[in-house]
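Input: a single structure, listed below in structure tokens.
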Protein chains: 4
Amino acid sequence: MSDVVKKPRAKRGRPRDLGARDAILRAARSLLDEGGPGAVTMEAVASRANVGKPTVYRWWPDRHAVVMAALLGEAQPAAMASAEQRSALDELKEQLLQVVKRFATPTGRHIASMLAAADPGSELARAFRGHFVLARRDEGRAILQRGIERGELREDIDVEAAVDQLLGAVFLRLLLGLAPLDATFVEQLVGNARLGLAARR
Amino acid sequence: MSDVVKKPRAKRGRPRDLGARDAILRAARSLLDEGGPGAVTMEAVASRANVGKPTVYRWWPDRHAVVMAALLGEAQPAAMASAEQRSALDELKEQLLQVVKRFATPTGRHIASMLAAADPGSELARAFRGHFVLARRDEGRAILQRGIERGELREDIDVEAAVDQLLGAVFLRLLLGLAPLDATFVEQLVGNARLGLAARR
Amino acid sequence: MSDVVKKPRAKRGRPRDLGARDAILRAARSLLDEGGPGAVTMEAVASRANVGKPTVYRWWPDRHAVVMAALLGEAQPAAMASAEQRSALDELKEQLLQVVKRFATPTGRHIASMLAAADPGSELARAFRGHFVLARRDEGRAILQRGIERGELREDIDVEAAVDQLLGAVFLRLLLGLAPLDATFVEQLVGNARLGLAARR
Amino acid sequence: MSDVVKKPRAKRGRPRDLGARDAILRAARSLLDEGGPGAVTMEAVASRANVGKPTVYRWWPDRHAVVMAALLGEAQPAAMASAEQRSALDELKEQLLQVVKRFATPTGRHIASMLAAADPGSELARAFRGHFVLARRDEGRAILQRGIERGELREDIDVEAAVDQLLGAVFLRLLLGLAPLDATFVEQLVGNARLGLAARR
DNA sequence: GGATAATCGAGACGGTACGTCGCGTCTTCAT
DNA sequence: ATGAAGACGCGACGTACCGTCTCGATTATCC
């Protein structure tokens, strides 16, 4: 979303047209909706945005980046009702529901595709992962941390791994595309996580 | 008599050459190793396999399918030491280690890419998922089931979700490509899963 | 057997199926009519004739030859009313009319195409030329010869060239495909040829 | 003002590269010389011209058209010594010699092949015929016309047919590829044409 | 009459070229 | 200097036929 648009100097010549940037993203988004990531070709984007191909390349380095940028733009901040007086596990449930709602859509699958397809080292891929996954991980980590501090959760849980277990389950089902991805599933996840698998003596 | 017994093999014409099929897969595999899925072009495959392009298309409908088939062929059954006298959680650890070992490689990432990129409805995609993920899920489910029967694990855990939580965490890190994916991680996962997150009163 | 004098072709094995040969030619002919020489592909011919491709190659060495053979088969001997009591020039007219009638058709153009496209040295090309052009030339030469002998025509005309002038004009118009190719044209040709171009003193 | 003025040249975008066009034609020409029309494949042309295949298709619609264009480019105007004080028949001889010289070469046969093979209705085929045959016909017609006006030739000859008789004979021998195609032949043609076939009383 | 052998329909094979599509770059003219 | 337009070199796509080969199943003639 917030790209690094450096504007330190008064530029000479015609300034870049931010309207073109928007038109490109809108075009890419509509193509995404209509035909998935494969339909977002540079030529289709440029044509639909009434923009020259070099203009697209002026903003993003390649096809991949445009798709990612289009998907990034679709991200709503997810609100996070943030009633922090609730229990940590309720907050987790709330967060996972948001995630599930966000990803149980065609767009969600596209995001997963891009996550899997992107060169893991690239700048935009980093931003993409950060936006869609790491941010969620950070939220989850914060929730767990608070739970530990409030004594609701065990002190010696591995927070990183715990978050991955919850988010990972959602992404796995998203990738597989067959098992249900809904509120019930969230309940099961949190239920399992809360009590653990081991029998009590 | 019933003359419609089942005659899938009309068996006319020159039989398909399994040698060509193998050569194609070998070529695709070597290209995969050298340059990733993007390097597996039909022309490169055909040329390296000393095979005509139409022959490749006779066996698989498109580029994607060839890559999947090549990856499918690389799957070793992983042995699964199957000392079933051990505890369910030890078995889980063992299984996850196998999975981690299998996927914490370039090939592993390629598999994840294909999982994410494939049309979820296609035949080969189904086989692909079945081979690489569903099979693991079934193994995990079986382990948990045995644990429950032996009284090691709680009776009311949601087995499906539990397996997804373990495998999902691994796949998530694989997709993200940054957090470590190793034996320590497996320990953390199983540790979290065993005791649960909730504090004991 | 009593009539076994010498059987140089002691045929063993299954004899060639003349029915297949006919079916192939019929198929090639119908394809020719429907789509021109370009439509006569080996696969289409074999399929339409219910014949294996190797069977086609057993009779003709390549695609070209099949087309030629199909066209050869369409040649009717043209009857040549052969009322030889008429004047040489009338006979010429008659012959040219036959030629025009024969070639002023799609098939006629196909024949011209093959004449132009064929490797001039090949066996079948020779037969093809012989059949469609040289035979006409021989007829024309015979007519002129008779005319000379009967005193109707000048003695010192170059017979070969004269025939080529008449037939060539027809083929030229056939190739060009625009100037009319009909009885009037034949009249003009013979008229020009009869009197010559030079003015009489 | 009338805004529908006629704007065939919108003149936007990068202009077509005439250098590429030339390189393509040069490549096609060299391939023609080396291997005949069959060797002029789009891929060979593009590769030899250091040009992308789509660029070739931007200029010509298919393989056929490229071959024709290459042949068209080879046509030298033939000078036509234009000593118009000579007799019409001498001029005819001169012209036919030029034609013979032009076509009694491998390139000449290629031209004939293309003439015979081309779709007679297509734009390029029209140009091709115009260039190689109709232009010659027009020249011949002009010569005959002058001859008539000067009283050298009969007034009532059919000029069109007469020209076709001369040119047609040349093309016929070219197609047949066996009878000689040389100055002697030209002499015979003009000789026959001059005096006519009919005996003088 | 049983072996032998050439031919049959069928169709896969290694190839070559087709004509198309998309990539990312370059070049022009107009703002 | 940007912007749109669009041609460019490149390379892969998936298809169509080429002419050859390999099957199992027929049909003859020869032993």
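As the structure is a computational prediction, the values presented were derived from the model and not from experiment. Just so it is clear: chains get the letters A, B, ... in the order the sequence lines come, proteins before strands, and each one is counted from 1. Hydrogens, waters and symmetry mates are skipped; everything else that's a heavy atom, side chains included, is used.
- At whole-Å resolution of the value, CG in D/Asp17 and C1' in E/dT27 are 10 Å apart.
- Remark: C1' of E/dC13 and CG of B/Leu18 are 13 Å apart, rounded to the nearest angstrom.
- With B/Arg109 contributing its side chain and B/Leu175 its backbone, the two residues share a donor-acceptor pair below 3.5 Å.
- Distance from the side chain of C/Pro15 is smallest for F/dA28 among the nucleotides F/dA4, F/dC23, F/dA28.
- Here the straight-line distance linking atom CE of D/Met42 with atom CD1 of D/Ile24 works out to 8.5 Å at 0.5 Å rounding.
- Counting only residues at least two apart or in different chains, salt bridge (charged side-chain N to carboxylate O under 4.0 Å, His left out) contacts with residues 14-27 of chain B are absent.
- Separating the NE2 atom in D/His64 from the CE atom in D/Met68 is a distance of 5.0 Å, to the nearest 0.5 Å.
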Atom pairs, N/O to N/O, protein against nucleotides 17-20 of chain F, distance under 3.5 Å?
{"unit_1": "F/dC18", "atom_1": "OP1", "unit_2": "C/Met42", "atom_2": "N", "d": "3.3"}
{"unit_1": "F/dC18", "atom_1": "OP2", "unit_2": "C/Met42", "atom_2": "N", "d": "2.7"}
{"unit_1": "F/dC18", "atom_1": "OP2", "unit_2": "C/Glu43", "atom_2": "N", "d": "3.4"}
{"unit_1": "F/dG19", "atom_1": "OP2", "unit_2": "C/Tyr57", "atom_2": "OH", "d": "2.9"}
{"unit_1": "F/dG19", "atom_1": "OP2", "unit_2": "C/Arg63", "atom_2": "N", "d": "3.4"}
{"unit_1": "F/dG19", "atom_1": "O5'", "unit_2": "C/Tyr57", "atom_2": "OH", "d": "3.4"}
{"unit_1": "F/dG19", "atom_1": "N7", "unit_2": "C/Lys53", "atom_2": "NZ", "d": "3.3"}
{"unit_1": "F/dG19", "atom_1": "O6", "unit_2": "C/Lys53", "atom_2": "NZ", "d": "2.7"}

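- Across the interface with DNA chain F, nearest-nucleotide mapping of D/Ala20 and A/Gly52 shows A/Gly52 to be the residue nearer the 5′ end.
- Under the rule for a side-chain contact (heavy atoms from CB on, under 4.5 Å), the partners of A/Arg129 that lie at least two apart in sequence or sit in another chain are A/Leu115, A/Pro120, A/Ala125, A/Arg126, B/Leu176, B/Leu178.
- If you check every strand for non-hydrogen atoms under 4.0 Å, B/Trp59 touches sugar and phosphate atoms only.
- Where A/Asn50 and D/Val51 meet DNA chain F, the nucleotide closest to each residue was compared, and A/Asn50 sits on the side nearer the 5' end.
- From one end of the helix from E/dG1-F/dC31 to E/dT31-F/dA1 to the other, with five pairs defining each end axis, the axis direction shifts by 20° (rounded to 10°).
- Legend: residues meeting salt bridge (Lys or Arg N to Asp or Glu O under 4.0 Å) with A/Glu34, ordered by chain and number and at least two apart, are A/Arg48.
- Between C/Thr55 and E/dT7, a side-chain N or O to OP1/OP2 separation shorter than 4.0 Å is absent.
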Name every donor-acceptor pair, under 3.5 Å, that has one atom in a side chain of residues 49-56 of chain C and the other anywhere in the protein, sequence neighbours excluded.
{"unit_1": "C/Lys53", "atom_1": "NZ", "unit_2": "C/Glu43", "atom_2": "OE2", "d": "2.7"}
{"unit_1": "C/Thr55", "atom_1": "OG1", "unit_2": "C/Arg58", "atom_2": "NH1", "d": "3.4"}

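- Contact annotation: the side chain of D/Ile111 approaches that of D/Phe128 to within less than 4.5 Å [non-hydrogen atoms, C-beta and beyond].
- Between B/Arg21 atom CZ and E/dG14 atom C1' there is a gap of 19 Å when expressed in whole angstrom units.
- Taking the side chain of C/Arg16 as heavy atoms from C-beta on, and the options E/dT7, E/dG9, E/dG14, the nearest nucleotide is E/dT7.
- Atom-to-atom distance recorded for C/Leu124:CG and C/Trp60:CH2 is 10.0 Å, nearest 0.5 angstrom.
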